[in-house]
There are 2 protein chains.
Amino acid sequence: MYKVALVDDHTLLSEAIAGLVRQFDNFEVVYIGLNGKEFVDYLNSDQAVKPDIVLMDVNMPVMGGVETTTHLSKHHPDIKVLALSIEEEESVVLQMIRAGAKGYLLKDTRKAILEQALNEVLTHGFYYTNTVEKLVKRNEAAHEDEVTLKERELEFIKHACTEMTYKEIAELMFLSPKTIEGYRESVFQKLGLKNRTGLVIYAIKNKIFVP
Amino acid sequence: MYKVALVDDHTLLSEAIAGLVRQFDNFEVVYIGLNGKEFVDYLNSDQAVKPDIVLMDVNMPVMGGVETTTHLSKHHPDIKVLALSIEEEESVVLQMIRAGAKGYLLKDTRKAILEQALNEVLTHGFYYTNTVEKLVKRNEAAHEDEVTLKERELEFIKHACTEMTYKEIAELMFLSPKTIEGYRESVFQKLGLKNRTGLVIYAIKNKIFVP
DNA sequence: AAAGTTACGGGGATAAACCCCCTTTTTTCA
DNA sequence: TGAAAAAAGGGGGTTTATCCCCGTAACTTT
């Protein structure tokens, strides 16, 4: 009998999915939690029943899926993490995989697939759907011609998405306006931009700045 | 015995929630569909069992929740719609309510609340959680001090979210640069902006321009 | 018909943004 | 540890953007 934990802030869903999991052979639900913090605290408590596998949501308040998975990989490497989310965005999926998730299910998968995924992760160590595999490959290809912005430049870009003038940004970053000027030119050159408006849109598109 | 239909593109969730609903007294699940189109087609078919209430997701491919609800209000006003979504954004909630939804549940509600909501909608005609009520009120309040931008100004704003200079925008709109200047000033004044960067961010926040 | 509103256009000034070429300081690492 | 690279700072000039105050034509309102 494998022990399953559910971590999802959408109570209705965890309750409902718990019902599904209980129908499967060889699986029992030992824990249902609202977020990563709750789950980690639970594991550190005395009466914790350590699960074999966790069905983990990604978008959660307090402590999100990525952070929680990273923590589990470090402190409880024997607990497998299977991500279960509506989030289809490449970067998020990849972050979860990098954090140590053994698989990533979108919430539009069928009941039978969930059972299969649970079994696969426990027996073979991982389970990836075609969709996720494609996503990962496509992302790797996209990374080829990607520019790398330096930390300081990223900081500058965030401030540039503001009504501040460059002079004000310089004061904020304790730099000379001329240095900011340098960042601006370097960033424009790297990204092929013509003006600050273009920079703002690039930053928002690439989530450097979230409006 | 009330008849319930489920419409949600996340199969795992509909299946799981169907399990929950079947546990309730007086409820049976007569239909599970992936999107609004599928459901409407089903209703128009011969062997359709007309449900008393539909649990409807909002974000769906092909035919979304708002569109479907509007259609049902017109052609099947005896079928109650209870929205069930993760979407917390005010405008979306309001759209669903306006379209004729009798209630709006976020997916983090508990099993007992779902049962209560189903019963309330069927007996009293509606069910609103505190959260949704607050949301609606807050939105009404927000609408008070809302500025109205003219058509021409909106067009200008969209072009301003571009690497074009004002002169180029003027050419594009067959106007003098000075007229554009006028739009700019009027828009800045109305929205309390300091510069073009602020305008771009406002436009994206308010979905005038989608990056 | 006088007064107001809306849309369009303009002059001229100042600040901010943009561009190219260059020096000094700091860091990196072979 | 010394050369190379990266980061920070700068001079000086052009182009945009911003701001304020003004004028005209057309169409409403009263």
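Hydrogens, waters and symmetry mates play no part in the numbers below; they use all other heavy atoms, side chains included. So you know, we letter chains A, B, ... as the sequences are listed, proteins then strands, and number each from 1.
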Look at B:Asp78 together with B:Lys50 and state whether they make a salt bridge at an N to O cut-off of under 4.0 Å. yes
Provide, to the nearest angstrom, the distance between the [atom1] atom belonging to [X] and the [atom2] atom belonging to [N].
X: A:Leu193; N: C:dA17; atom1: CG; atom2: P; value: 15 Å
X: A:Phe188; N: C:dC20; atom1: CZ; atom2: C1'; value: 15 Å
X: A:Glu185; N: D:dG9; atom1: CD; atom2: C1'; value: 14 Å
X: A:Phe156; N: D:dA8; atom1: CZ; atom2: P; value: 13 Å

Are A:Tyr31 and A:Tyr42 close enough that their ring centers fall under 6.0 Å?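 Yes, close enough.
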I want to check something: taking the side chain as every heavy atom from C-beta on, are A:Leu154 and A:Ile208 in contact at a cut-off of under 4.5 Å?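 Side-chain contact under 4.5 Å: yes.
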The criterion is ring-ring contact (aromatic ring centres under 6.0 Å, His included); which residues satisfy it with A:Phe27, sequence neighbours excluded? A:Tyr2
Taking the side chain of A:Asn195 as heavy atoms from C-beta outward, which of D:dC20, C:dC18, D:dT18 is closest to it? C:dC18
Which class fits the ring pair B:His71 and B:His75: parallel under 30°, tilted 30 to 60°, perpendicular over 60°?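 It falls in the tilted class, 30° to 60°.
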End-to-end axis angle, where each axis spans five pairs of the helix from C:dA1-D:dT30 to C:dA30-D:dT1, to 10°: 40°
Polar side chain donor-acceptor pair, B:Thr11 to A:Arg110, under 3.5 angstrom: no
Its contact letters, B for base, S for sugar-phosphate only and - for none at protein heavy atoms under 4.0 Å, make nucleotides 7-16 of chain C read SSSBBB---S
